[in-house]
Each structure stands twice: as structure tokens, then as C-alpha cells.
Amino acid sequence: MKKLLLVIAGIYCIQTVSGQLKTTPVCPVFKVDILDGKINDLYINSSLAEFKKTFPCYTSAEDETATSKCGGGVFYKDRDIYIYSGRDYVEIKEKFKGTMTVPLMGAARNSLFKWLGHPKIKDVSWDAYQTAYGTLIVYYNKAGKTNKLQMSTKGTETLQLCE
């Protein structure tokens with residue numbers, strides 16, 4: 001009887017010890033292609049599952065359901081990039097950790113013409129540009145420098161962003 005209790009206690013200890021080790025998912029560097037609407041090899045309208053698989057280090061995720069806020073998505077708060085897969089758009093904020101094909105973050109508003117041309121819509125704090133994949137919205141801070149980007153597959157007439 002003592003041997004049986006000792007074996008059970010040993011098995012319990014082994015399971016407890018091995019259950020404590022957790023691996024941290026490693027992500028590749030986010031490489032955003034502003035003009036083609038891609039992040040690494042994924043288009044911005046790729047599925048939630050594809051983004052989770054390619055970038056497993058997300059800080060939170062929300063399934064794409066009818067009741068999900070903003071249509072669902074996968075979010076990388078520590079890298080300041082948010083993928084709203086249910087609405088087919090990506091939001092990149094000023095503390096973004098990654099690379100861009102066009103260095104827009106922190107660029108002056110009057111310097112964007114050489115890369116993006118004339119905006120389709122202008123506002124006091126943002127400009128919307130027509131792109132091959134849809135729409136690029138560039139937001140500016142009070143100093144006139146870029147501090148947020150939104151890349152969407154939708155045109156400006158059907159665009160639905162998350163507030």
C-alpha cells in the first residue's frame with residue numbers, strides 16, 4: 001500500500017513540475033508594404049487564422065462573430081499594430097515595432113506626395129489616399145507628423161473603421 005501511494009505521489013509531482021514550463025511564441029519582424037497592402041507575405045484581408053499562425057505572439061484576439069466588437073481581429077499591443085480581420089483593415093500606431101516599405105511614421109504631412117500622390121479626401125487631422133488594395137488613411141499629430149496609419153481593402157465610400 002505504501003508503494004502504491006509513493007508511486008501516485010511521484011506521478012503527481014512529475015506532472016506538476018513539467019506543467020510549469022511555457023514557451024513564448026516568437027514572431028518574425030513585421031514588414032509592412034504600404035503600397036501593396038501586405039504584412040510580410042499576408043495581404044491585409046487575410047484570415048484571422050492566417051495572421052495568428054504567421055504572428056503567434058499576439059497580445060489578444062477576438063473571433064470574427066456577429067457580436068464581436070469591430071468585427072474581430074488579432075492585436076499586437078506591444079508592437080502597436082492591430083489587425084481587424086473582420087473588417088479587412090490594419091491599424092499601425094506611432095510606437096510600431098517593425099519595418100515599412102515607405103517610411104511614413106513620423107513623416108511630415110507635406111512630404112508624403114512623393115510616395116502617395118494627392119489624397120482622395122483631406123481633413124484637418126487626416127488624409128485618405130486611394131491605393132491599389134483600397135484606402136490608406138494617414139493621421140497627423142498637432143505638429144503635422146504622421147502618428148497613425150489605417151490600411152483598408154475598402155474604398156472611402158464603404159470604409160468601416162473601429163472607434
Side-chain angles (χ1 to χ4, degrees), residues 24-163:
T24 304
V26 178
C27 272
V29 173
F30 284 83
K31 297 174 187 168
V32 178
D33 190 329
I34 299 291
L35 302 177
D36 283 341
K38 291 186 349 185
I39 302 171
N40 294 25
D41 291 327
L42 295 177
Y43 285 97
I44 59 173
N45 62 347
S46 295
S47 73
L48 179 67
E50 289 173 302
F51 278 111
K52 282 180 165 182
K53 181 180 177 188
T54 303
F55 303 104
C57 60
Y58 53 91
T59 54
S60 64
E62 184 177 353
D63 289 333
E64 297 172 12
T65 63
T67 58
S68 64
K69 182 182 177 190
C70 300
V74 60
F75 313 109
Y76 304 86
K77 293 177 186 173
D78 59 332
R79 296 164 193 254
D80 227 5
I81 184 166
Y82 308 86
I83 300 165
Y84 296 93
S85 54
R87 293 192 182 180
D88 294 335
Y89 84 93
V90 172
E91 185 171 278
I92 302 168
K93 296 185 180 178
E94 62 188 329
K95 294 179 181 160
F96 171 66
K97 292 183 177 110
T99 62
M100 293 184 193
T101 55
V102 179
L104 295 182
M105 201 57 71
R109 187 176 200 169
N110 59 6
S111 71
L112 302 183
F113 177 79
K114 62 186 169 194
W115 296 302
L116 304 173
H118 292 289
K120 185 173 183 180
I121 301 173
K122 285 183 79 69
D123 191 68
V124 175
S125 61
W126 57 267
D127 293 331
Y129 294 89
Q130 185 68 46
T131 63
Y133 56 85
T135 304
L136 170 66
I137 303 171
V138 182
Y139 292 85
Y140 308 101
N141 60 21
K142 291 179 182 177
K145 304 278 186 182
T146 305
N147 66 350
K148 182 168 75 170
L149 304 171
Q150 291 174 322
M151 302 166 59
S152 174
T153 60
K154 310 283 188 218
T156 54
E157 302 81 24
T158 59
L159 193 60
Q160 274 190 311
L161 300 174
C162 188
E163 294 298 322

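This one's a predicted model, so the numbers in the text were calculated from it and none came from an experiment.
- Atom CG in Asp88 sits 14.0 Å away from atom OH in Tyr43 (nearest 0.5 Å).
- In this structure, the side chain of Thr146 engages the main chain of Leu104 through a donor-acceptor pair within 3.5 Å.
- The shortest heavy-atom contact between Ser46 and Ser85 is O-CB, 4.0 Å.
- Atoms CD1 and OH, on Ile44 and Tyr84 in that order, are 13.5 Å from each other to the nearest 0.5 Å.
- The two residues Arg79 and Cys27 make their nearest non-hydrogen contact at NH2-CB, 3.9 Å.
- Val32 is listed as a side-chain neighbour of Phe96, based on a closest heavy-atom distance under 4.5 Å.
- Using a 4.5 Å heavy-atom threshold, the side chains of Phe55 and Asn40 count as touching.
- In this structure, CZ in Phe51 is found 4.5 Å from CD1 in Ile39, a value given to the nearest 0.5 Å.
- Distance check, rounded to the nearest 0.5 Å: OG1 of Thr156 to CD1 of Ile121 gives 4.0 Å.
- Of all heavy-atom pairs between Gln150 and Tyr89, the closest is NE2-CE1, 4.0 Å.
- Within 6.0 Å of the CG atom in Asp41, the count of heavy atoms belonging to other residues, nucleotides or ligands does not exceed 12.
- Between Ser111 and Ala108, the shortest heavy-atom contact is OG-O, 2.7 Å.
- With values rounded to the nearest 0.5 angstrom, Ile83 atom CD1 is found 8.5 Å from Ile92 atom CD1.
- Under the 6.0 Å distance and 45° angle rule, Lys93 counts as a cation-pi partner of Tyr82.
- A salt bridge (charged side-chain N to carboxylate O under 4.0 Å, His left out) with Asp127 holds for exactly one of Arg109, Lys120, Lys148; it is Arg109.
- Of the possible polar contacts, none joining the Thr135 side chain to the Ser152 backbone as a donor-acceptor pair under 3.5 Å is found.
- Here CG of Leu149 is found 5.0 Å from CE of Met100. Values are rounded to the nearest 0.5 Å.
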Chi angles and distances behind the side chain to side chain contact (heavy atoms under 4.5 Å, CB included) call for Leu112, Tyr140: CA-CA 12 Å; Leu112 302 183; Tyr140 308 101; 3.2 Å; yes
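- The 12-atom threshold is not exceeded at OH of Tyr58, counting heavy atoms of other residues, nucleotides or ligands nearer than 6.0 Å.
- Using a distance-only test at 3.5 Å, with no hydrogens or angles considered, no donor-acceptor pair links the side chain of Lys52 to the main chain of Val74.
- Checking side-chain atoms of Thr59 against main-chain N and O of Lys77 turns up a donor-acceptor pair under 3.5 Å.
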